[in-house]
Amino acid sequence: MSELTLTIMRLGLLVLLWLFVFSIVGVLRGDLYGTHVARRGTHGGRRAPAPAKAPRSRRSRGEPTRLVVTAGPLAGTTLPLRESGLLIGRSPECALVLDDDYASGRHARIYHDGTQWLVEDLRSTNGTFLGTMRLTEPEPLRTGSVLRIGQTTVELQR
């Protein structure tokens with residue numbers, strides 16, 4: 001082999017080695033710092049106005065109307081259930097943003113199919129639990145149903 005060919009091969013190997021090092025640094029940085037989670041609920045030091053309650057005309061008596069965080073970093077947080085549904089996860093686009101290392105970006109979805117409320121795991125890494133059962137397909141929810149997502153526990157209430 002000529003000296004030029006060996007030099008080009010050495011330079012190519014050096015470039016590949018540096019690309020590998022930069023990709024490892026990028027993965028480590030993402031693992032260490034994670035996703036930026038935006039805090040909701042405060043505006044300039046004062047509480048945001050409470051969201052309007054969903055109309056009761058479409059809902060039967062006994063059906064859940066709100067989601068309450070009972071355990072975890074956001075314990076005490078209450079969200080009204082909307083007919084359009086709500087997302088739960090670490091992503092800022094979710095209605096309930098979890099600051100939880102065991103939650104996925106878009107972890108679970110609660111929605112109304114016209115007759116009942118359902119919960120669906122959105123292929124999360126650590127799973128969504130309804131009581132002690134891990135969800136594999138959409139499951140119906142009732143008042144008092146307890147969901148566990150990572151270290152956060154939420155309950156459906158009237």
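In terms of modelled atom types and a separation under 3.5 Å, the side chain of Ser145 and the main chain of Leu141 share no donor-acceptor contact. One N or O on the side chain of Asn126 and one on the backbone of Tyr102 form a donor-acceptor pair closer than 3.5 Å. Using a distance-only test at 3.5 Å, with no hydrogens or angles considered, no donor-acceptor pair links the side chain of Ser91 to the main chain of Cys94.
Residues satisfying the ring-ring contact (aromatic ring centres under 6.0 Å, His included) test with Phe22, not counting sequence neighbours, are Trp18. Arg106 is linked by a side-chain hydrogen bond (donor to acceptor under 3.5 Å, both in side chains) to Glu93, counting only residues two or more places apart in sequence or in another chain.
Within the 4.5 Å cutoff, the side chain of Trp117 has no heavy atoms near those of the Pro140 side chain. Within the 4.5 Å cutoff, no side-chain heavy atoms of Leu118 are placed close to those of Ile110. Leu122 is not listed as a side-chain neighbour of Ser104, based on a closest heavy-atom distance of 4.5 Å or more.
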Could you go through Thr153 and Val146, starting from their C-alpha distance and side-chain angles, then the distance that decides it, and tell me whether this counts as side-chain contact (heavy atoms from CB on, under 4.5 Å)? CA-CA 7 Å; Thr153 304; Val146 176; 3.3 Å; yes

Going through the distances and angles, do Leu98 and Leu74 end up as a side-chain contact (heavy atoms from CB on, under 4.5 Å)? CA-CA 8 Å; Leu98 302 176; Leu74 297 174; 4.1 Å; yes

Should Arg148 and Thr152 be marked as a side-chain contact (heavy atoms from CB on, under 4.5 Å) after you check the CA-CA gap, both sets of side-chain angles, and the distance that decides it? CA-CA 6 Å; Arg148 186 172 54 83; Thr152 304; over 6 Å; no

For side-chain contact (heavy atoms from CB on, under 4.5 Å), just list the numbers for Val119 and Leu135, CA-CA rounded to whole Å, side-chain angles, deciding distance to a tenth of an Å, and then say yes or no. CA-CA 8 Å; Val119 62; Leu135 297 178; 3.5 Å; yes

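Atom OG1 in Thr136 sits 11.0 Å away from atom CD in Glu120 (nearest 0.5 Å). With rounding to the nearest 0.5 Å, the separation of NE2 in His107 from OG1 in Thr125 is 8.0 Å. The distance from atom CZ of Arg90 to atom CG of Asp101, rounded to the nearest 0.5 Å, is 5.5 Å. With rounding to the nearest 0.5 angstrom, the CG atom of Leu81 is 10.5 Å from the CD atom of Gln157. The CD1 atom of Ile88 sits 8.0 Å away from the OG1 atom of Thr128 when rounded to the nearest 0.5 Å. A distance of 9.0 Å separates CD of Glu155 from CZ of Arg66, quoted to the nearest 0.5 Å.
A single hydrophobic cluster is seen to contain both Val21 and Leu14, as judged by linkage of ILVMFWY side chains at heavy-atom distances under 4.5 Å, directly or through other members. Leu11 and Leu19 sit in two unconnected hydrophobic clusters of ILVMFWY residues. Membership requires side-chain heavy atoms under 4.5 Å apart, directly or through other members. Grouping the Ile, Leu, Val, Met, Phe, Trp and Tyr side chains by contacts below 4.5 angstrom, directly or via other members, places Ile149 apart from Phe129. Linking ILVMFWY side-chain heavy atoms closer than 4.5 Å, directly or via other members, places Val154 and Met133 in a single hydrophobic cluster. Residue Val69 is grouped with residue Leu79 when hydrophobic side chains (ILVMFWY) are merged at heavy-atom distances under 4.5 angstrom, including chains of intermediate members.
Atom OH of Tyr111 has more than 12 neighbouring heavy atoms from other residues, nucleotides or ligands inside a 6.0 Å radius.
Residues Ala95 and Arg82 come closest through the heavy atom pair CB-NH2, 3.7 Å. The shortest heavy-atom contact between Ser23 and Phe20 is OG-O, 2.7 Å.
Among Leu67, Thr143, Thr65, the one residue that satisfies the side-chain contact (heavy atoms from CB on, under 4.5 Å) test with Leu156 is Leu67.
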